[in-house]
Every structure is written in C-alpha cells, then in structure tokens.
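Below: the structure, in structure tokens.
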Protein chains: 2
Amino acid sequence: MAKITLKEIAKRLHLSPSTISKALNDSYEISEETKKKVKQFAQQHNYQPNPLAKYLKLGKTNNIGVLLPNIQSPFSAQLLQYLHQSAIANSYNIIFMQSMDHEKDEERALMTLTNQGVDGILIAPVHETSNLELISKIHQENCPVVLFDRIHYNLDTHKVGIDNIKSTYLATEELIKVNRKNIIALCGKDIGITHHRLEGYRKALEDYNIPMNDANIIYIDYSKTLNKIDEDLTKSISRCWRSGCTPNAIIGTTETLTTRLLGVLASLKIQVPEDIAVIGYSNIEFANSLNPALSTIYQPTEEMASTALQLLLDLINSKKDRSQIDFQTILLETSIQLRKSTALT
Amino acid sequence: MAKITLKEIAKRLHLSPSTISKALNDSYEISEETKKKVKQFAQQHNYQPNPLAKYLKLGKTNNIGVLLPNIQSPFSAQLLQYLHQSAIANSYNIIFMQSMDHEKDEERALMTLTNQGVDGILIAPVHETSNLELISKIHQENCPVVLFDRIHYNLDTHKVGIDNIKSTYLATEELIKVNRKNIIALCGKDIGITHHRLEGYRKALEDYNIPMNDANIIYIDYSKTLNKIDEDLTKSISRCWRSGCTPNAIIGTTETLTTRLLGVLASLKIQVPEDIAVIGYSNIEFANSLNPALSTIYQPTEEMASTALQLLLDLINSKKDRSQIDFQTILLETSIQLRKSTALT
DNA sequence: TTGTAAGCGTTATCAT
DNA sequence: ATGATAACGCTTACAA
C-alpha cells in the first residue's frame, strides 16, 4: 500500500498531524503558505491517504452494494453500466453482486455486503418475498436499501421500476391491433414480475373481448441452464403447435425467454412474423441483428439507474430517522419499439 | 451501521476486549466455556464486527478492483459474472469499474480504485500503452495488477488471454475451406487487439496463396455510439459492394462489430450466408437467435476469469517482493462454433 | 486462561 | 494559525 503517512509528513515538516490533515483538506484555518508547503511535500512524496483509516473515522465507505439477479442479460448489463456512471459521478463506488435468481445466493450476497461495510444497497430481489426479513433488518439496522426493477416487495422504502401491467397491456394491444388474437404469454416460473405482466396481458384480452385460454400461458423454469431453457421452450412450443390451438403471436415477459425464443423458433422452422408474431421485454442493443429484428418493450434503464441511485444517496445523506421518511414508488414509462417480428402486412 | 461493539460486549460480560476478540475468532487461548458465553451473547445482540476497523488493523480490504472496457458486450458481462463467482468463492468482493474504452476514464477508475483501497486489480486496458506509467506505479507501490483479455501490454506481471493470431488464423481458414476467398476483415480502430487479429488473418491468406487486398480491411471507429457504428458499417459495406470487389466473406474481429454487422447486412438486403459468409469473435449466448445463427470464435471466459483471479490472489498473498516473481503469460484455447452464417452448401 | 496496552492512520475538538 | 489529544473499533504482543 501507500508508503508515507500523514504522521510521517508531520514529523518531517515539524508540524502536527492535525495541521497536515487540515492543510490537505483545505481548511480555512490554515495559512496559504503552510498549505502550499504541505501540499507540495505530499505530492513530491506521493502521499496517498489511507482510505481505511479515513473510513473508520468517518464511519462510511463511499461504497454502495448493487445486487442484481444475473449480469448476463443485456437489461442487467445496461442497468449496471448506468448505475456505475451515476455512482462515479457522485463519488461512490459500486460493489457488484449477483443472486443468479437463487434465494440462497441472494442471502449470502446480502450478508457479505453488510459485513463488508457499504453505505447503502440497491437490490432487484429474486422474488416477491425473498429474504424479506433479512433485507428489512439491514434496512433498519445497517444501511438504507432501495429497490429497483423488481419492486413488488413488501418493504417500506423507495422503489423504482416500471408499470408492468400497463406496458404488457400495451404490447398485447399491439398484437391485437394487427389482428393476432391467439396470443401465447411466455412467462418465467416463480419470478416476481410474472404475476403483474400476466395481469396486463389478461386485461388487454378482456378489454378486446378475446376469450382467455389457460393453455396459452407457458411457464418456463428460469433457474435452469440456457440449454435446458431452450429444451423446455422447444417442448412447450411444439406441443402447443401440435395441439391444434394454432397461436399466431407470442408475448415474452422476460428478456431471456424472448431472445432465446427466436432461436428456438428458427430451429423449428416456424417463420416470424409470417407464422407467428413476437414481441417481448428486452433491452438488447442489437435487436436489429436478431432473426428477425425483434419488436421490444424497452425499459428506460438509464433513468431507472440514476433515479434509484439518487434516492439511495438521499437516504444515505438524510439525517432523519428512517421511519420518519415518506418513501416513494416511482414508475417509469416504457416504450414499445416495433420491428419486423410484428410487421404483418 | 451495526450497533453493539466488541468493547461494549466486553463491558457487559465483565471481560476484556481482547478476550472477546479472541473468543469470537476461536482462539485456542480461550476456554470453551467463555467462548460459548461470548458467542451466545454476541448472537443475541446481533453483533456485527465493524469491517472498517478490522481492515484498518489488518491492512487489507478483501476487495479487488475489476476494470473492464464496457460491460455492455456479452463477452465482458460473462467475464464479470465468472470473476464475481470466483471472487466470492475466495471470500473477495469485486469493485466494478469500466473505462468505456477511453483512456481518461481508465485513469480516473485506476485512481479511484487505489484511493479506495483494494487488495489487487484486474484490468483489460484500453489499448497497448494506455496509462502504462500509472499502472506500473500502482503495481509497484500500491497493489498487484494482473492483465487479462487485452494482454499485449508492456507491464511485467501475470497475463491471461488468448492467442489472437492463432484463433483468427483458424477462423479465416474455415472461410477459405468453404471456398470463400475474398474475405473482408472488420476491425476496431485503435484497439489493442486489432493488430494481432489482423496478423492471423494475413498469415492465413498468405499460407493459402491468396493475395492480400488492403481495401478488404475495414476500420471502424469504436469509441462512437452504436448508431454511428451502424452508419459507418453501412457506408463501408456498401462502398465495398459497389466497388465491384464482390467480397464473399467477412471476419469480424470484435464482438460489437460482428453482431451489429448482421443487422446492417439485413437492412441492406445482403443475404448471409448466400451472398456473404460471416464469422466473428463473440461470446453471445444467443448466437442461435441471430439473423442468421452466427458462427463464432468463442473465448473460454470462465477459465480466463478464474485463472486471472487465481493469479491475482497468488500475488496478493505472496510474501515475495514483486520484483522477485517470475510472471506468466497464459494463452487459453479458443473454440470455433460453426453455425448457419458460414454454412455453405 | 484472561487482561493490559499499544497501535493501525485518519479526523475532530478544543486549547493555545 | 497551529498544536495536543482523543477517538473510531478492532487485533495482537506481552504481561499477569
């Protein structure tokens, strides 16, 4: 680690440690002359303050923990990228953790973060009640917690996400408008958001007087390997196809399922959009490179990241007792980007 | 932060702080009886040691810094995912930074990491000499640095990457074997790896007695937005097409260029693989969902991550002077995954 | 087996 | 404007 300490500088300059500290921190109490001398000496000897000592004294680390399900989805990667940029802009660093959509990993990650000492935590929980007790305890006793992305969670704190019901409704409506009414909903099993996205789907069908068919809802186990997910998708799709219900559209409620679906359909020689239209949640940057260019429900990740981070910083810097604060839930607008996969002429 | 301190426990149990510390750390000096009592009390009062104090005392943070160019490429995301898993398995946490392929950001990130106090740094530098002085200084004076992915860099330390010359050679060879000999090389401008990957391409052409045509090397400025990259790609490709040189294959030397290329070709109505075959570097998990399924040069990210991390931990835990160590450069094997984009029947 | 005391490198308080 | 001193919460010789 760094070699010369503040004490050492004090000795060498025949000044006291406190004077050095103040000089380096530009205190008004110190004369310009002394400041100049001290700073120059520090620079020459490549002084780097020991952050740990500072943090111990100040009681904060300037680190915030970010706990995401899995960085390997473009959506999560975008979130992390923007969170990082916002954090840096505010002189905070990000300690990154992923839960891999497993409650046990999530618990471990949370323990690590608190034992490690972070000033606050941003989390997209595995599901609607995962580690609720632990997270509540951390929020009360350790450091503030802000929820993002997966915000349907019974914790009294700031939450930033999207209106899942509404955006799924709108996407479903797009399909209906191009006269595709036999719509499959592709869902992640045991995922918090599934419930709400399905509700939007149901509501749209109802409003357009389209009968619900439970066989049209496909659940895929999400915590498996990608290969297994492909297999399950293939099975479900071909079963559906053979059963004679002849769906003509699919709405994918998660990014992974939506993007993998395209590969599965290609290998089954099912044509998109001719045989079946596809729209789905995804923030993938190369939607145009997919087969075919994918119509997506796009989430405003940059805004989600900066808003969530700002709210967390507010909590970190707030003097108020955490029970005195009135917490907000912010729902951001999504946008629907139509491309070839729903282009029905 | 946590409420009860070790001192406090000592007071309440009428023992000394050192006894408590030893008891909690299972020291052989402490009687079982006392240990039991102390631990039980600690548990009941939800004692959490202050990590900062501990780290100050011990002089290490158990954090390592990871500095990647940009998390929004599937390859980087994979690396980070596996780095995280390896780190957790070794009780280390990851502080994540990205350089966005800008030297200035890289410098800032490095400064932050050292000021922040990390036990070691893993970095994929922006280019072959970016921040060389700073990184050398950090490696010598602050904490060990290990290079990965982009390892052609004049720093004496462990390096983990792939053999870019060889793997590009093999990919080019695949194209030649299916009789596509007028091959465009698509390169990132001012990117460290470009040089070596091009060398592999050149060597393959030479070995198969195919004349090199400089017009077949396309450079795209990498530090731009994706839209701009698409534009530039479109221009370059259509110019090439019009000029009558009629290429029949493209090799993409970076993931971003390769994947975006597919979108551009689709919009130009150029058929892959009929009109032109495509192969390129990419670790994208849904290569099968691309238009068409993309033949890729796949890098062993999991191995790269765990190897790099292990080497870094070795350096962190090594008692030796850093100049006494003989550093290794490890080149991992890539694999070529052929899919439809090079399937010429 | 347990306790005492020093110290890690800062910053903050209060004198001078 | 500068300095002395205490403190942050823990670990670790060394003493008892």
Side-chain angles (χ1 to χ4, degrees), chain A residues 1-39 41-42 45-63 91 114-119 141-143 319, chain B residues 1-39 41-42 45-63 114-119 141-143:
Chain A
M1 290 296 191
K3 305 187 157 171
I4 195 168
T5 72
L6 183 145
K7 269 185 187 168
E8 193 57 30
I9 299 183
K11 239 178 237 167
R12 305 264 222 104
L13 290 184
H14 304 292
L15 289 168
S16 79
S18 53
T19 305
I20 308 295
S21 173
K22 287 172 189 167
L24 291 173
N25 288 309
D26 253 332
S27 163
Y28 66 96
E29 302 176 86
I30 303 296
S31 72
E32 281 309 317
E33 195 188 4
T34 312
K35 276 188 194 173
K36 194 153 283 174
K37 199 170 63 181
V38 170
K39 285 183 180 174
F41 187 92
H45 291 74
N46 188 30
Y47 168 70
Q48 296 181 261
N50 181 322
L52 272 24
K54 194 167 159 183
Y55 296 154
L56 171 59
K57 182 67 189 170
L58 267 42
K60 65 184 308 241
T61 60
N62 268 52
N63 288 332
S91 305
T114 53
N115 288 335
Q116 152 69 28
V118 288
D119 296 344
E141 299 178 7
N142 293 68
C143 61
K319 302 291 175 235
Chain B
M1 289 296 191
K3 306 185 156 172
I4 195 167
T5 71
L6 184 145
K7 267 186 188 168
E8 192 58 31
I9 298 183
K11 237 178 238 168
R12 306 263 223 105
L13 290 183
H14 304 292
L15 289 167
S16 78
S18 58
T19 305
I20 308 295
S21 171
K22 287 172 187 166
L24 291 173
N25 289 310
D26 253 334
S27 163
Y28 66 97
E29 302 176 84
I30 304 296
S31 72
E32 281 308 318
E33 195 187 4
T34 313
K35 277 188 192 171
K36 194 152 287 174
K37 199 169 63 182
V38 170
K39 286 182 179 174
F41 187 92
H45 291 74
N46 187 31
Y47 168 70
Q48 294 182 262
N50 181 321
L52 273 22
K54 194 167 158 182
Y55 295 154
L56 171 58
K57 182 70 189 169
L58 266 42
K60 65 184 309 240
T61 61
N62 268 52
N63 288 333
T114 54
N115 288 335
Q116 152 69 28
V118 288
D119 296 344
E141 299 177 7
N142 294 69
C143 62

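Just so we're on the same page: letters track the sequence lines, and every chain starts at 1.
With a heavy-atom cut-off of 4.0 Å to chain A, the contacted part of DNA chain C has its first and last nucleotide at C/dC8 to C/dC14.
Near-neighbour residues of DNA chain D inside residues 30-38 of chain A, defined by a heavy atom below 4.0 Å, number-ordered: A/I30, A/S31, A/T34.
Under a 3.5 Å cut-off, the side chain of B/N63 and the backbone N or O of B/V118 do not form any donor-acceptor pair.
For residues 19-28 of chain B, the salt bridge (charged side-chain N to carboxylate O under 4.0 Å, His left out) pairs, not counting sequence neighbours, are B/K22-B/E29, B/D26-B/K35, B/D26-B/K39.
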- [ ] Do nucleotides 9-16 of chain D as a string where each nucleotide becomes B, S or -: B if the base has a protein heavy atom under 4.0 Å, S if just the sugar-phosphate does, - if no protein is that close.
- [x] BBBBBB--

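Here the CD atom belonging to A/Q116 is positioned 7.5 Å from the OG1 atom belonging to A/T61, to the nearest 0.5 angstrom.
Each end of the helix from C/dT1-D/dA16 to C/dT16-D/dA1 gets its own axis, taken as the rotation carrying the C1' atoms of four end pairs onto the next four within a five-pair window, and the two axes meet at 40° to the nearest 10 degrees.
Evaluation of the side chain to side chain donor-acceptor pair (under 3.5 Å) rule for B/N50 yields no partner, not counting sequence neighbours. Contacts of A/N115 classified as side chain to side chain donor-acceptor pair (under 3.5 Å), with partners at least two apart in sequence or in another chain: none. With sequence neighbours left out, A/S18 forms a side chain to side chain contact (heavy atoms under 4.5 Å, CB included) with A/S16. Remark: B/K54 engages B/L58 in a side chain to side chain contact (heavy atoms under 4.5 Å, CB included) (not counting sequence neighbours).
In this structure, A/E8 and A/H45 have side chains that are not in contact, with every pair of non-hydrogen atoms separated by 4.5 Å or more. Proximity of A/L6 to A/Y47: side-chain heavy atoms (C-beta onward) are separated by under 4.5 Å at one or more points. For the pair A/L52/B/L52, no side-chain contact is recorded, criterion being any heavy-atom separation below 4.5 Å from C-beta on.
In summary, B/K36 and B/E32 do not engage in a salt bridge, as defined by a charged side-chain N under 4.0 Å from a carboxylate O.
Across all their heavy atoms, A/F41 and A/I4 have their closest contact at CE2-CD1, 4.1 Å.
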